[in-house]
Amino acid sequence: MRPRKPTSSPNARPAKPGGRLHSAKGAAATQVRHGLARVLSKAGVCSRSEAARRVLEGRVSVDGRLVRDPEFPVVAGRHVVLLDGQPLVAERRIYIALNKPRGLVTTVQDEQGRQTVYQCFDGAGLPWLAPVGRLDKASEGLLFFSNDPEWAARLTDPATGPLKTYRVQIDGVPDAAQLARMHEGIDDAGEHLAAHSVQVLQQGGRNAWLEVVLDEGRNRHIRRLLKVLGFDVLRLMRVAIGPVQLGTLGKGQWRELDAAELNALRAPCG
């Protein structure tokens, strides 16, 4: 018996050496396929973890069928997703700058019952928002919030995110060698901590104010870096994220970023 010749559809792409045939239609569908929880999160209605919880609770249907799998594949523009029986409608994208006061933790709910940054938005009628990065409880200053996960991911990625500028008061006066070591970096708890740049803004007999610029932000990055060098942080304020300045925004107050600021933040880092 003679072997059959392989058949191909008229829409099939030429196969790469060692590869398979893929139709153009099938490849396009694969490119827009996302897990159900991610689809809810990308629409800006809640966080990914909250979306997964809603799916598991049976609150989400796809094409009229109840789905309890957060990773259930959904193709944009093809499937009809309902949340609590209502069509999934993407929220207006919101980008907010907050002047975080000291004493608030950057989380939605705190297991220890501490006050959170979300009390600054009480009564504002805002949609779900997630913090873009973090400031620890004792730190203050500029903190972004958004319901745009892709924008947030770009800003918090060290490879694509903007520089972040801090004013830091410490209990001593660093010398040139210590400033150089901050720039070169130190190893602490298995992590390399360094400042993109650092300079003394003001100094007295017992303390000094520094400007510290980071190109990435690890947990308690500046405090740990200075601690290894023998300094305690008395006050730490983030005063700029890329081109966006804290300016005269009052403590606990917030505002939406304007178009010029958003465009500047989207520009390639340099």
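Since this is a predicted model, take the numbers as computed values, not measurements. For this chain, numbers begin at 1 and follow the sequence in order. For the numbers below, each heavy atom of this structure counts, side chains included, while hydrogens, waters and symmetry mates do not.
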Inset, instruction - Applying salt bridge (Lys or Arg N to Asp or Glu O under 4.0 Å), run through Arg255 and Glu261 and close with a yes or a no. - result: CA-CA 12 Å; Arg255 65 175 179 82; Glu261 290 170 326; 2.8 Å; yes

Inset, instruction - Verify salt bridge (Lys or Arg N to Asp or Glu O under 4.0 Å) between Arg92 and Glu256, making sure each step is shown before the conclusion. - result: CA-CA 13 Å; Arg92 178 177 74 90; Glu256 289 197 45; 3.4 Å; yes

Inset, instruction - Start with the C-alpha distance between Arg53 and Glu50, add both sets of side-chain angles, then the distance that settles salt bridge (Lys or Arg N to Asp or Glu O under 4.0 Å), and finish with yes or no. - result: CA-CA 5 Å; Arg53 185 181 68 83; Glu50 172 63 16; 2.4 Å; yes

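Between Pro101 and Cys120, the shortest heavy-atom distance links the atoms CD-SG, 4.2 Å. In terms of heavy-atom proximity, Pro70 sits nearest to Val55 at N-CG1, 3.7 Å. Here the shortest heavy-atom pairing between Val132 and Leu143 reads O-CD1, 4.1 Å. Closest of all the heavy-atom pairs between Ala194 and Leu225 is C-CD2, 4.2 Å. Contact between Asp187 and His192 at its shortest, heavy atoms only, is OD1-ND1, 3.0 Å. When all heavy atoms are compared, the tightest approach of Leu135 to Gly141 is CD1-O, 3.8 Å.
Going from atom CZ of Arg223 over to atom CG of Leu193 covers 14.0 Å, rounded to the nearest 0.5 Å. Summarising the geometry, atom CH2 belonging to Trp209 is positioned 14.5 Å from atom CD belonging to Gln203; distances are rounded to the nearest 0.5 Å. Here the CG-OG distance, from Leu210 to Ser197, works out to 11.0 Å after rounding to the nearest 0.5 Å. Between Leu40 atom CG and Cys46 atom SG the span is 5.0 Å, to the nearest 0.5 Å.
The list of side chain to side chain donor-acceptor pair (under 3.5 Å) pairs with a residue in residues 121-135, not counting sequence neighbours, is empty. Within the structure, every pair that satisfies the salt bridge (Lys or Arg N to Asp or Glu O under 4.0 Å) test and touches residues 37-46, not counting sequence neighbours, is listed here: Lys42-Glu150. A salt bridge (Lys or Arg N to Asp or Glu O under 4.0 Å) check over residues 99-118, counting only residues at least two apart or in different chains, returns the pairs Asp110-Arg114.
Looking only at side-chain heavy atoms (C-beta outward), Pro87 and Val80 stay at 4.5 Å or farther from each other.
A distance-only check finds a donor-acceptor pair linking the side chain of Asp69 to the backbone of Glu71 [under 3.5 Å]. Looking only at distances, a side-chain donor or acceptor of Thr156 sits under 3.5 Å from a matching main-chain atom of Ala152. In this structure, the side chain of Asp63 does not engage the main chain of His79 through any donor-acceptor pair within 3.5 Å. Within the 3.5 Å criterion, the main-chain N or O of Leu142 finds a donor-acceptor partner in the side chain of Arg238. Using a distance-only test at 3.5 Å, with no hydrogens or angles considered, a donor-acceptor pair links the side chain of Thr160 to the main chain of Arg154. Put simply, the side chain of Thr116 never gets that close to the backbone of Val105: no donor and acceptor are under 3.5 Å apart. Asn263 places a side-chain N or O within donor-acceptor distance of the main-chain N or O of Ala259, the cut-off being under 3.5 Å. Arg33 places no side-chain N or O within donor-acceptor distance of the main-chain N or O of Val74, the cut-off being under 3.5 Å. Of the possible donor and acceptor atoms, one in the side chain of His183 sits under 3.5 Å from a partner among the backbone N and O of His196. The main-chain N or O of Arg181 is never found under 3.5 Å from a side-chain atom of Glu184 such that the two would form a donor-acceptor pair.
Ion pairing between a basic and an acidic side chain is recognised when a charged N comes within 4.0 Å of a carboxylate O; Lys227 and Asp232 show such pairing.
Phe145 pairs in a ring-ring contact (aromatic ring centres under 6.0 Å, His included) with only one of the listed residues (Trp151, Trp254, Tyr95, Tyr118), which is Tyr118.
In terms of hydrophobic clustering, with Ile, Leu, Val, Met, Phe, Trp and Tyr side chains grouped at heavy-atom distances under 4.5 Å, Phe144 and Val239 are assigned to different clusters.
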